[in-house]
Amino acid sequence: MCGIIGLVAQSPANQSIYDALTVLQHRGQDAAGIMTSDGQRMYLRKDNGLVRDVFHTRHMRRLVGNMGIGHVRYPTAGCESSSEAQPFYVNSPYGICLAHNGNLTNANRLKQELFQEDLRQINTDSDSEVLLNVFAHELQRHAEIRMDISHVFNAVAGVHRRCQGAYAAVAMITGYGVVAFRDPFGIRPLVYGKRETPKGTDYMMASESVALDALGFELVDDVAPGEAIFVTLDGKLHRQQCAEKPSVSPCIFEYVYLARPDSIIDRISVYKARLRMGEKLAAKILRVWPDHDIDVVIPIPDTSRTSALQLAYNLGVKYREGFIKNRYIGRTFIMPGQQQRKKSVRQKLNAIDLEFRDKNVLLVDDSIVRGTTSTQIIDMARDAGANKVYFASAAPPVRYQNVYGIDMPSSDELIASGCNEEEVCKAIGADWLLFQDLEDLIKAVGKGNPEISAFDTSVFTGEYITGDVDVNYLNGLQTARSDAAKKGRREKDGGVIDMHNTA
């Protein structure tokens, strides 16, 4: 899960990209980067850390030009050093930089092809650099002294033919403009909008519509699966479908957890989808436990608030805020190591005792992934004096690895893997546990856009929408990206100085 921004404006782009990245900070807290262009040269600043820590006044002043791209990252592949921060850059043809959200499932094979056939060297372990070089090579096949718009669309079509997996990307071509494209299944989100100014029209592409809202852009549309949108330096927008058989199959976990509730993705309001998740949960409780003794419904902030509020309303039970969140601690789900996740939960949340004391409490969360957070929060509720602690998940049990850009690489680290619901309930220490039914989750999300016939639900079912994921791939992914593997890479990279461009 990462956040990407692309902008072609009629005035300096640096501040708008910075502001948009701060809005998308929830999508990645590991690293941030911005690359701009004045039409002649590119200017880069990227490093590990939050947006506010990576960019200072001296950096912003050097990010000149009216177009640029930005990225916030959390690591699912490669090491966690600043060399993995995006955007990535290649100088041929024309000078191209790229920022990417997702994961290529055939990255290893592509890396070999790029070296042996395309004569391109990949310098990091990031599949985003692979994607950039594939795009650059495909563009170079059509390269002339002056690039034509059709060359860009042909290059994206070549990317679709060669790359498998999930990718939403923005790429800037020096002297020409910014292109945004999305994989043929539309697994990862990408939208675009426009803003009228006295000098003309600004265009922005972003992972979520909330970034457009915050900067006064009008949401125009999603970048369709397989589609490419190219905005030239003179502010003209061009669209073209570049995939042979596109299919709208967005990742359903975006609506459960990843996206902000005020975003609209594939014409579905995330907020309304989560309201409907709460309605479905309430209906299931009334169906399986009609004589429940729940005194109060308390959300685990922040993502589950919307579902919990609607659940409480439909049950006719009090809704209360029982946990106060420290805003200066990051999202525990996307922290790089299990020990760091464990440490951060108590720092992040504090219980209000009077909302728990002598009550039967139903805690509501968006999902249960590793179970670390759930276990500690249930302990906190008991320490605050709760009589009984029940737990409801707005999502079904997460039992399978994610291969499309979410940090669920190892099934051994998923608490529901190989366990039934009763065993998960016992493991997290709840008195009773309820999971959302997958069918209800699909209905809750899909109601917002009946034109979507399928979602990627692989973390719940183990069925991968791209059809190219087998046991060998999953085993390799688990070996390479488990918490233990990441810890080893952090220790190995601890003494390495990364050489990369900075503004």
Side-chain angles (χ1 to χ4, degrees), residues 1 26-27 74 76 250-261 263 265 270-271 273-282 284-285 297-311 323 325 330-335 338 341 344-345 348-349 362-378 389-411 413-421 423-425 427-430 432-445 455-462:
M1 180 180 74
H26 62 286
R27 297 189 68 87
Y74 94 122
T76 55
C251 172
I252 205 165
F253 212 71
E254 288 280 352
Y255 303 92
V256 171
Y257 173 80
L258 302 181
R260 273 181 43 161
S263 284
I265 298 174
V270 177
Y271 175 76
R274 290 177 184 169
L275 283 177
R276 292 189 289 267
M277 291 177 206
E279 292 175 355
K280 298 292 186 182
L281 272 178
K284 184 173 181 180
I285 291 174
V297 173
I298 294 178
I300 298 172
D302 286 318
T303 323
S304 64
R305 278 199 175 103
T306 309
S307 297
L309 183 61
Q310 191 65 27
L311 183 154
F323 294 104
K325 185 176 181 180
R331 299 174 90 174
T332 54
F333 171 71
I334 61 175
M335 287 186 173
Q338 187 77 343
R341 279 188 289 269
S344 68
V345 174
K348 184 175 72 170
L349 296 177
L362 176 63
L363 302 180
V364 180
D365 207 351
D366 51 78
S367 59
I368 302 175
V369 181
R370 291 173 172 88
T372 307
T373 301
S374 305
T375 302
Q376 293 190 59
I377 287 175
I378 289 170
V389 182
Y390 308 131
F391 204 99
S393 167
V398 176
R399 292 195 167 102
Y400 301 93
Q401 297 154 271
N402 182 275
V403 302
Y404 300 130
I406 306 176
D407 192 18
M408 300 178 192
S410 172
S411 58
E413 295 165 7
L414 305 174
I415 193 169
S417 177
C419 297
N420 59 36
E421 296 185 14
E423 290 169 331
V424 175
C425 180
I428 65 175
W432 181 72
L433 173 63
L434 182 79
F435 282 104
Q436 184 88 266
D437 291 335
L438 179 58
E439 183 179 350
D440 284 344
L441 176 62
I442 293 172
K443 289 180 179 178
V445 178
F455 292 90
D456 171 57
T457 60
S458 54
V459 295
F460 308 122
T461 64

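Between the side chain of Arg370 and the backbone N or O of Glu413 there is no donor-acceptor pair closer than 3.5 Å. Put simply, the side chain of Arg27 never gets that close to the backbone of Tyr74: no donor and acceptor are under 3.5 Å apart. A side-chain donor-acceptor contact under 3.5 Å links Gln436 to the backbone of Met277.
Shortest non-hydrogen contact noted between Ala259 and Val270 is CB-CG2, 4.0 Å. The two residues Pro301 and Lys325 make their nearest non-hydrogen contact at CG-CB, 4.4 Å. Considering every non-hydrogen atom in both Ser367 and Ser393, the closest pair reads CA-OG, 3.4 Å. In terms of heavy atoms, Val398 sits closest to Phe460 at CG2-CE2, 3.7 Å.
Put simply, the side chain of Ile285 reaches to within 4.5 Å of the side chain of Trp432, judged on heavy atoms. Looking at Leu362 and Leu434, their side chains never come closer than 4.5 Å, going by heavy atoms from C-beta outward. Counting heavy atoms from C-beta on, the side chains of Pro396 and Thr457 never come closer than 4.5 Å.
Atom CD1 of Ile428 and atom OG1 of Thr372 lie 11.5 Å apart (nearest 0.5 Å). The line from CD1 of Ile368 to CG of Leu433 is 5.0 Å long, rounded to the nearest 0.5 Å. The distance from atom CD1 of Ile252 to atom CG of Leu441, rounded to the nearest 0.5 Å, is 4.0 Å. Considering CD1 of Ile442 and NZ of Lys280, their distance stands at 11.5 Å, rounded to 0.5 Å. Summarising the geometry, atom CG belonging to Leu414 is positioned 10.0 Å from atom CG belonging to Asn402; distances are rounded to the nearest 0.5 Å. One distance of note links CG of Asp366 with CZ of Arg274; it measures 7.0 Å at 0.5 Å rounding.
The side chain to side chain donor-acceptor pair (under 3.5 Å) check on Arg305 picks up Asp302, Glu321, with sequence neighbours excluded. Not counting sequence neighbours, the partners of Phe323 by the ring-ring contact (aromatic ring centres under 6.0 Å, His included) test are Phe356. The side chain to side chain donor-acceptor pair (under 3.5 Å) search around Lys284 returns Asp437, not counting sequence neighbours. Among residues two or more places apart in sequence or in another chain, the side chain to side chain donor-acceptor pair (under 3.5 Å) test is passed with Ser304 by none. In terms of the ring-ring contact (aromatic ring centres under 6.0 Å, His included) criterion, residue partners of Tyr390 (sequence neighbours excluded) are, by chain and number, Trp289. Looking at residues two or more places apart in sequence or on another chain, you find a side chain to side chain donor-acceptor pair (under 3.5 Å) between Tyr404 and Thr466.
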Between Ile377 and Leu363, is the side-chain contact (heavy atoms from CB on, under 4.5 Å) condition met? List the steps. CA-CA 9 Å; Ile377 287 175; Leu363 302 180; 3.8 Å; yes
Residues Phe391, Val424; criterion side-chain contact (heavy atoms from CB on, under 4.5 Å); working and verdict: CA-CA 11 Å; Phe391 204 99; Val424 175; over 6 Å; no
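By the 30° and 60° cut-offs, the orientation of the rings of Phe455 relative to Tyr255 is perpendicular.
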